[in-house]
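Worksheet: one structure, shown below.
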Amino acid sequence: MSKKAYLVKGDFISSPKPDQLVLHEDATILVEDGRISEIYEDAPKGASDLEVLDHRGKLIIPGFADVHLHAVQYVTRGLGYDKELLPWLNDYTFPEESRFKDPAYGEVVFKDVARDLWAAGTLHCAIYSSLHTDASLQLMDKLARAGLSAYVGKVNMDRNSVEALEETTEESMEETLRFLEGAKAYADKDVLPILTPRFAPSCSDELMSWLGQKCQELDLPVQSHVNENFGEIAWVKELFPQSRDYLSVYEDFNLLPQGRTIMAHCIHNTEEEMKMFADKDVMIAHCPDSNANLASGIMPAGEMLDAGLRVGLGSDIGGGNRLFIGHAIESAMRLSRLLWFQTDHAYRTISFAEAFHMATAGGGAFFGKTGAFLPGYSFDALVIDDSAFTRYRPLSLFERLQKFIFAGDDRQIAVRYRKGQALAKPLFD
């Protein structure tokens, strides 16, 4: 479907700000060139000649944004959760990722990744591939063909991995340039490259320095990991003794571009790092499922929001075990309550509105004007048929949203719109 202007009717709800839920019950949105022009609480006047997409009685929410996941860990999600981060990487993750040297393997897996992201209503994602350039371009192709928006990273790793998943410094540089060149083919599909030093321990000083130079020269965004696990933090201190703390490693190598950096986990932060998050306008990728599964800790999400930081949600497949971001909303709320209890209320709990904001407008901000129903924003939306939940007794619009997030899944998503166009189920065969 491609229309210059049309009307959409339904029950709309979004969270433009962390402490805000905006409800438009039985309302109409005017969409022009894929963007929201106006929102009418009553029947719009002077628009009778426009086509109407009638979703009355259905819940319409912004599309989800997943700001941290690993496509090459899709097959191993759900495995090894009796281990902590570093043993889990060596025993499960690195051996699996080495399989993506084979293009035939990537072809099978990435088709399923793209289909499942579409099914889950994840219209925007920041996603890691492996260190293999061809696999990374394969992934971009599948996401573009599915109509999804994404930042895709070819991982850089020139040390501290298994033999089958390591590149020399020179190979990493050359292959990164080849990846960036190949990625140009997908720019008009909103599938873009992002520099991806896997995490500081996986990259030598020479490689980090080179990536920082490319970041500045080519104005590229960056994604990586920070402060996930105490063992990891101690290891980083040994490897980079000249840096003040873990986050400073990235800053020291010019890998914290202003407003264009995603840092995943961010659990165990110093006061100086919290200030740097704010100064550099870093997007915090909160990954509650992974943090719990690998016994890494609980990110103080309320503290992050109170500090004015940008926070989005990440499924972190495969440290996390569910792609549906509604599950991450649920987990973020649950873990905040556990942290509140275990610290004798030293950290506050987060509200439903805050968690829903992270999943939509919060993470969506990294991709532009998306994640809320506001004039000028892209019409990126999910139409939810929640009749199975409302057939027993009436529910308020807010209750319907809660019911979908906590008791629903992709089976209730009837239509997915991105840039105003309905996305058909991806067909690759």
Side-chain angles (χ1 to χ4, degrees), residues 18-19 65-70 73 77-78 80-89 93 126 199 223-236 245-247 262-278 282-359 362-363 405-406:
D19 59 350
D66 187 339
V67 292
H68 184 71
L69 73 155
H70 298 257
Q73 296 175 23
R77 69 197 190 281
Y81 296 160
D82 56 346
K83 298 179 181 291
E84 291 189 21
L85 173 65
L86 299 181
W88 176 79
L89 287 172
T93 301
F199 65 157
Q223 62 179 355
S224 197
H225 302 75
V226 73
N227 294 335
E228 181 176 0
N229 170 283
F230 286 126
E232 171 204 24
I233 293 169
W235 192 22
V236 168
D245 46 46
Y246 195 163
L247 186 62
I262 300 174
M263 281 290 157
H265 302 294
C266 309
I267 303 171
H268 310 289
N269 313 299
T270 65
E271 290 184 13
E272 291 85 358
E273 286 172 315
M274 287 288 287
K275 185 176 186 302
M276 190 180 292
F277 285 139
V282 172
M283 171 67 70
I284 307 297
H286 182 24
C287 307
D289 287 319
S290 175
N291 296 344
N293 289 339
L294 300 178
S296 296
I298 302 175
M299 192 194 89
E303 180 184 34
M304 300 292 208
L305 293 173
D306 291 344
L309 303 182
R310 291 196 296 165
V311 183
L313 286 180
S315 65
D316 197 20
I317 296 299
N321 52 301
R322 293 282 188 274
L323 266 178
F324 179 57
I325 289 296
H327 190 78
I329 294 173
E330 174 188 352
S331 296
M333 293 181 65
R334 179 184 295 116
L335 289 189
S336 82
R337 279 149 177 73
L338 288 174
L339 185 63
W340 172 82
F341 178 78
Q342 291 174 347
T343 61
D344 195 24
H345 309 177
Y347 294 95
R348 72 171 179 86
T349 63
I350 60 171
S351 68
F352 178 86
E354 288 172 328
F356 183 66
H357 171 84
M358 292 179 201
I405 294 298
F406 287 109

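The figures that follow rest on heavy atoms only: side chains count, while hydrogens, waters and symmetry mates do not.
Here the shortest heavy-atom pairing between Glu232 and Tyr246 reads OE2-OH, 2.6 Å. Between Ala126 and Gln223, the shortest heavy-atom distance links the atoms CB-OE1, 3.7 Å. For the residue pair Ala359 and Ile325, the shortest heavy atom distance occurs at CB-CG2, 3.5 Å.
The salt bridge (Lys or Arg N to Asp or Glu O under 4.0 Å) analysis of residues 284-309, with sequence neighbours excluded, yields the pairs Asp306-Arg348.
Here the side chain of Tyr347 pairs no donor or acceptor atom with the backbone of Arg337 at under 3.5 angstrom.
With sequence neighbours excluded, the residues forming a side-chain contact (heavy atoms from CB on, under 4.5 Å) with Ala353 are Leu21, Ser351, listed by chain and number. Here Phe230 pairs with His268 under the ring pair (Phe, Tyr, Trp, His ring centres under 6.0 Å) rule; sequence neighbours left out. Residues that satisfy the salt bridge (Lys or Arg N to Asp or Glu O under 4.0 Å) test with Glu330, not counting sequence neighbours, are Arg334. Scored by the side-chain contact (heavy atoms from CB on, under 4.5 Å) test, Thr93 finds Gln73, Trp88, Leu89, Glu97, Arg198 as partners (sequence neighbours excluded). Under the side-chain contact (heavy atoms from CB on, under 4.5 Å) criterion, Trp235 pairs with Leu86, Asn160, Phe199, Pro201, Glu238, Leu239, sequence neighbours left out. In this structure Gln342 satisfies the side-chain contact (heavy atoms from CB on, under 4.5 Å) test together with Ile298, sequence neighbours excluded.
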Identify all side-chain donor-acceptor contacts of residues 309-316 below 3.5 Å with residues at least two apart in sequence or on another chain.
residue	atom	partner	partner atom	Å
Arg310	NE	Asp281	OD1	3.2
Arg310	NH2	Gly259	O	3.1
Arg310	NH2	Asp281	O	3.1
Ser315	OG	Asp66	OD2	2.6
Asp316	OD1	His68	NE2	3.1
Asp316	OD2	His265	NE2	3.4
Asp316	OD2	Ser290	OG	2.7

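The shortest side-chain heavy-atom distance between Leu294 and Asn229 does not fall under the 4.5 Å cut-off. Side-chain contact check for Ser336 versus Thr349: some heavy-atom pair is nearer than 4.5 Å. Looking at Arg77 and Leu323, their side chains never come closer than 4.5 Å, going by heavy atoms from C-beta outward.
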